[in-house]
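This report refers to the structure that appears directly beneath it.
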Number of protein chains: 2
Amino acid sequence: MNRTQNKVQQIPESDDIQKMDTQTEAFRHNRELRKLALNDDYLELIADLIAKTGEARTVDIACRLGVAQPTVTKVIARLKREGMVISEPYRAIYLTDAGRLIAEKAKHRHQIIVSFLMAMGVDPAIAEHDAEGIEHHVSTETLQAFMAFLDRI
Amino acid sequence: MNRTQNKVQQIPESDDIQKMDTQTEAFRHNRELRKLALNDDYLELIADLIAKTGEARTVDIACRLGVAQPTVTKVIARLKREGMVISEPYRAIYLTDAGRLIAEKAKHRHQIIVSFLMAMGVDPAIAEHDAEGIEHHVSTETLQAFMAFLDRI
DNA sequence: TACATATTATAGCAAGGGCTATATTTTGAA
DNA sequence: TTCAAAATATAGCCCTTGCTATAATATGTA
Ligand SMILES: [Mn+2]
Ligand SMILES: [Mn+2]
Ligand SMILES: [Mn+2]
Ligand SMILES: [Mn+2]
């Protein structure tokens with residue numbers, strides 16, 4: 001039985017219960033974001049490679065991510081199933097409209113966060129590094145707060 | 001063969017190579033951080049439960065995280081292997097010194113980030129939510145920049 | 001054109017986090 | 001003290017990301 005309805009133990013205040021539910025929702029959502037983070041990174045990188053060289057090859061993705069080639073192949077297969085990516089055997093990888101949209105949003109968040117961290121006095125290299133992780137966990141509201149700060153200064 | 005030493009394709013500028021290596025390192029490190037994120041959450045939560053009730057029970061951890069009980073049992077077994085946690089069968093879970101240290105650091109980062117986001121004008125509930133994800137991806141330098149900002153205002 | 005080399009695919013392994021169903025143990029209330 | 005209910009453990013499943021080794025294909029150059 002669910003511990004929330006256990007009458008035997010300490011009875012939390014209704015404020016605390018609200019807080020717990022909120023926290024649980026945050027945990028749930030963050031587990032989801034952790035999964036989506038990999039998609040973001042792949043799609044943003046693919047967009048980047050296409051912008052620079054016209055196509056995204058498996059080797060290049062693997063090299064940039066610091067991961068073995070079969071790992072990339074497998075993730076790309078999933079992204080293909082999910083309609084994020086187009087590819088033929090032995091050919092380069094391209095983005096669908098859905099994939100491109102996610103890539104653009106990811107890049108946007110990435111850039112804002114790097115700019116923001118630098119504005120906070122963080123070293124550019126470290127800002128870039130931290131942004132690679134933070135970008136996946138920033139809500140629209142927080143991103144807007146960052147943008148507002150950048151406008152303000 | 002590694003694509004970085006491929007002479008046939010476009011030859012990147014040495015600045016670009018440096019940037020690529022930096023990015024690859026960021027990706028590698030962030031994959032590591034993604035794993036450690038779960039440890040942080042568990043240990044911080046266990047510390048929280050111990051502070052409030054004197055012990056951390058599997059049910060309570062599961063309930064708070066919004067996860068099934070066997071999932072918690074399995075993760076706790078790993079944390080035990082890793083020396084972060086102490087537990088006997090059918091008994092509550094406690095922290096080792098190593099585990100407590102990580103929990104304290106996690107809580108510290110968590111609090112700083114919540115305060116910082118609120119100082120940036122983010123709604124408290126959203127700040128709490130975003131912090132739950134961001135906390136795992138903030139370097140010491142960035143955290144200090146946040147603290148410096150909080151001191152400044 | 002032929003073939004060496006680079007690239008991609010496939011097979012198969014490990015570990016981790018999630019789940020449900022079910023067995024076992026603890027515990028509080030009658 | 002007993003026993004039903006709560007808590008925990010265990011078994012067994014799925015899916016994902018990572019890896020290495022190796023097979024298949026593409027491609028540029030001789
Ligand atoms: Mn990233
Ligand atoms: Mn990014
Ligand atoms: Mn967290
Ligand atoms: Mn936290």
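Numbers restart at 1 for each chain; the letters A, B, ... are given by sequence-line order, proteins then strands. The figures that follow rest on heavy atoms only: side chains count, while hydrogens, waters and symmetry mates do not.
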Can you tell me how far C1' of C/dT8 sits from NZ of A/K80, to the nearest Å? 12 Å
Nearest whole angstrom, please: distance from the P of C/dA9 to the CD of A/E88. 10 Å
Give a yes/no answer on whether the side chain of B/T73 brings an N or O atom under 4.0 Å of OP1 or OP2 in D/dA9. yes
With a cut-off of 6.0 Å (strictly less than), are more than 12 heavy atoms of other residues, nucleotides or ligands near NZ of A/K107? no
Out of D/dT8, C/dT10, C/dG16, which has the shortest distance to the side chain of B/R81? C/dG16
Could you check which of D/dT17, D/dT20, C/dG17 has an atom nearest any side-chain atom of B/T71? C/dG17
Does C/dG16 have its OP1 or OP2 closer than 4.0 Å to a side-chain nitrogen or oxygen of A/R34? no
Looking at the base of D/dA7, is there any donor atom on it, or on the side chain of B/Q69, that sits under 3.5 Å from an acceptor on the other one? no
Closest listed nucleotide, where the reference is the side chain of A/P70 and the choices are D/dT17, D/dA9, D/dC19: D/dC19
Take atom CG of A/L36 and atom P of D/dT17, then tell me their distance rounded to the nearest Å. 11 Å
Quick check on the hydrophobic clustering: are A/L65 and A/M84 connected, directly or via other members, by side-chain heavy-atom contacts under 4.5 Å? yes
Would you find more than 12 non-hydrogen atoms of other residues, nucleotides or ligands less than 6.0 Å from A/K105 atom NZ? no
Options C/dG18, C/dT7, D/dA9, nucleotide nearest the side-chain atoms of B/Y42: C/dG18
Could you tell me how far apart B/R91 (CZ) and D/dA9 (P) are, to the nearest whole angstrom? 10 Å
When the distance from CD1 of A/I76 to C1' of D/dT17 is rounded to whole Å, what number comes out? 13 Å
Rounding to an integer number of Å, can you tell me how far A/F27 CZ sits from C/dG17 C1'? 16 Å
Can you check whether B/R31 has a side-chain N or O nearer than 4.0 Å to OP1 or OP2 of D/dT17? no
Identify, between B/Y90 and B/V67, the residue whose nearest nucleotide on DNA chain C lies closer to the 5' end. B/V67
In whole Å, what is the span from the CZ atom of A/R57 to the C1' atom of C/dT8? 8 Å
Shortest non-hydrogen pair, B/F27 vs A/R64, comes out as CD1-O, 3.5 Å
Considering just the side-chain nitrogens and oxygens of B/R78, establish if one lies under 4.0 Å of OP1 or OP2 belonging to C/dG17. yes
Linked, directly or transitively: B/I126 and A/I112 (ILVMFWY side chains, under 4.5 Å): yes
Can you tell me how far C1' of D/dC15 sits from CD of A/E82, to the nearest Å? 12 Å
I want to confirm an ordering. Mapping A/R28 and B/P89 to their closest nucleotides on DNA chain C, which one lands closer to the 5' end? A/R28
Taking N and O atoms by type only, does the side chain of A/K74 place a donor or acceptor under 3.5 Å from a partner on the base of C/dG12? yes
